[in-house]
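Worksheet: one structure, shown below.
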There are 2 protein chains.
Amino acid sequence: MVGHLLPTLHDIQKAARRLNGFAVKTPLFPSFALSERLGARVFIKPENLQRVGAFKFRGAYNRLCQLSDTEKSLGVVAFSSGNHAQGVAAAAKILGLKATIVMPSDAPKIKRDNTLSYGAEVIEYDRKTENREEISQKIARERGSILVPSFEDFDIICGQGTAGLEVIEQGQEIGVHFDHFFCPIGGGGLISGCGTAIKTLSPKTEIFGVEPENFDDVKRSLAQGERLNNDNQSDSICDALLTPLCGSMTFAIMQKYVDDVLVVRDQEALYAVKYAYESLKLVVEPGGAAALAALLAGKMDVTGKTICILLSGGNIDQEVFKKALTTSYC
Amino acid sequence: MVGHLLPTLHDIQKAARRLNGFAVKTPLFPSFALSERLGARVFIKPENLQRVGAFKFRGAYNRLCQLSDTEKSLGVVAFSSGNHAQGVAAAAKILGLKATIVMPSDAPKIKRDNTLSYGAEVIEYDRKTENREEISQKIARERGSILVPSFEDFDIICGQGTAGLEVIEQGQEIGVHFDHFFCPIGGGGLISGCGTAIKTLSPKTEIFGVEPENFDDVKRSLAQGERLNNDNQSDSICDALLTPLCGSMTFAIMQKYVDDVLVVRDQEALYAVKYAYESLKLVVEPGGAAALAALLAGKMDVTGKTICILLSGGNIDQEVFKKALTTSYC
């Protein structure tokens, strides 16, 4: 894909400076339990510990803090299944601007409640019959507001990439070089940004994305060499990853940097939520646990490797969490 | 209290070198949500992310790795409500020695199961009618094994103190000086070690312990100037903190370094477990959440202060966790 100015490491480093003091520099720590189980040296990058409980705050703040005063005065609009919603709402609150969020009517309650708690206005739509982009664009036009995309945006990608930059920097501090990096894929913003930072600083680190079953558009798109849709009638427990189609910019970046994509079933994602609760002592949502799920389900042999698993979010409704706790090994 | 050789910062630094590569250097990170709620600048030291899910691995490994070969060949015995059990069992497994653990029959299932999973032998006793020290001493005598105390031991205290050493070092790395440090108290091993490290490196940081209601022996003992018992017929949801009496060494150290002790009710501890799940995305057990509970319940005004809250463990049975999730604000 030509025509896009793609983010570089330098752009991600600039984003990191903007986020300093506003985002959490989430830790990188080893899990001895998981290392033993996978026969690998395993480190966790827990973005569920990020402000708003998901990595999305990084991109949202990096985008919003660069708005002009005029743009700020007109507010922002975003569409999101929940974590981008919270990221935009929280960043808008910090910067003192109004946020309007278009959310699917079946979004987790915790995500909707949190978004409202940051002072945003929430407008619901039906994920299966309505087009969230059209609704959002209409609102943005009417109000003169900036539409803040959830992944297909230079500054959003740079913001998300700061998580990958931290992974490499934190690894270097403790003398660790990663063979593999695993992270979930929705629209591709996170893996695009992280992939750019990681491959630039550590070209031999292989980047693996993980998608939910029925939402494996990126896997199929990379194989096909062009962007393919998901069937938006499908469902998955991984609500954070239900993107109809990745972006043309994120696709171009993923073509450069993503080595392969793994796919997980609902049951595997729920088991990973339970595993994170029991053995990592972390609260992770199903989509946020997708990369962990792929490894626990043995989708790839990582024996003897040094790996980093990014957990992308922890905003999960109690009902789903309790259901996950009853899941047996799959 | 005279007669004890008390640990110094130097001893704790030596313990930190022994633990390097074996224990998790748990992160220190800010919580914006909690900072906003308490009107303070709040950092979390999550020892639930430690190996075995609690700080206890630090002390156990520091003690066991210094045994002579002859001592190692005879194995070790410990008594514990669960987290020290797991710490000793895991350290023994790493060092290739046999561990026998005397546990109360009402210990959480997860703690018993994990202890067994590290290959230890578990012997049960009735917390309300039997004396765990006598049982353990008898086994140790019969087998010629070393008895590994859960808190009243120089090397155990030094090991636990490495958590406090990390708090100060990690704070310094990001330019943060703590006004207050909060941590749970059972037998006093953790707060003694952490207090020693913290007060030596940062004399102005005030150290606050937190005990469960009916197990406030340290609060009463410090006020009285001598060690007082708890009524061992009492109960508390904070199973990790149900110590009949603190140690004479830990008491001597606490007299030097502990500024005050707060007390929390069961309901407050359960609410803190829920808060950690919802807003910190961490799995914490009731006793492990005691310090957080005290602050959420407003036991002390920390407005404008920079504080560190240590979460000491995350080994909680599902039933208790689910019960905590239904707790409303108290």
Quiz item: Is it true that a side-chain atom of B:Lys274 and a backbone atom of B:Thr327 form a donor plus acceptor pair closer than 3.5 Å?
Solution: yes

Exercise. Decide if atom CD of B:Glu36 counts as having more than 12 heavy atoms of other residues, nucleotides or ligands within a radius under 6.0 Å.
Key: no

Exercise. Determine yes or no for a side-chain-to-main-chain donor-acceptor pair under 3.5 angstrom, with A:Ser279 supplying the side chain and A:Ala276 the backbone.
Key: no

Self-check item: Check: A:Lys323 main-chain N/O paired with A:Thr326 side-chain donor or acceptor under 3.5 Å
Solution: yes

Self-check item: Donor-acceptor contact present, side-chain A:Gln86 to main-chain A:Thr115, <3.5 Å
Solution: no

Quiz item: Among residues 47-56 of chain A, which residues come closer than 4.5 Å to chain B, judged by heavy atom distances?
Solution: A:Asn48, A:Leu49, A:Arg51, A:Gly53

Quiz prompt | Atom NZ of A:Lys305: over 12 foreign heavy atoms under 6.0 Å | solution = no

Quiz prompt | Side chain B:Ser35, main chain B:Val42, donor-acceptor under 3.5 Å | solution = yes

Quiz item: What part of A:Leu282 gets closer than 4.5 Å to chain B, counting heavy atoms only: side chain, backbone, both or neither?
Solution: both

Quiz prompt | Criterion salt bridge (charged side-chain N to carboxylate O under 4.0 Å, His left out) on B:Lys111 and B:Glu285, from CA distance to verdict | solution = CA-CA 11 Å; B:Lys111 294 182 176 179; B:Glu285 60 186 279; 2.6 Å; yes

Quiz item: So which heavy atom on A:Leu190 is nearest to which on A:Pro184, and how close?
Solution: CD2-O, 4.3 Å

Quiz item: Is any side-chain heavy atom of B:Leu165 closer than 4.5 Å to a side-chain heavy atom of B:Glu169?
Solution: yes

Exercise. Scan A:Val76, A:Ile156, A:Ile94 and name whichever one has a side chain to side chain contact (heavy atoms under 4.5 Å, CB included) with A:Leu64.
Key: A:Val76

Practice problem: Check whether A:Phe29 gets within reach of chain B through its side chain, its backbone, both or neither, counting any heavy atom under 4.5 Å. | Solution: side chain

Quiz item: Side chain of A:His84, backbone of A:Val148: donor and acceptor closer than 3.5 Å?
Solution: yes

Quiz prompt | Partner set under salt bridge (charged side-chain N to carboxylate O under 4.0 Å, His left out) for B:Lys45, not counting sequence neighbours | solution = B:Glu166

Quiz prompt | B:Gln170, part contacting chain A, at a heavy-atom distance under 4.5 Å | solution = neither

Practice problem: Would you give the length of the straight line joining atom NE2 of B:His177 to atom CG of B:Leu201, rounded to the nearest 0.5 angstrom? | Solution: 11.5 Å

Quiz item: So which of B:Leu34, B:Val167, B:Val176 actually passes side chain to side chain contact (heavy atoms under 4.5 Å, CB included) with B:Phe43?
Solution: B:Val176

Quiz item: Under 4.5 Å, heavy atom to heavy atom, which residues of residues 307-322 of chain A contact chain B?
Solution: A:Gly314, A:Asn315, A:Ile316, A:Asp317, A:Gln318, A:Phe321, A:Lys322

Exercise. For chain B, find which of A:Ile174, A:Ile44, A:Val283 contributes the most heavy-atom pairs closer than 4.5 angstrom.
Key: A:Val283

Quiz item: If you check every heavy atom in residues 16-26 of chain A against those of chain B, which residues fall under 4.5 Å?
Solution: A:Gly21, A:Phe22, A:Ala23, A:Val24

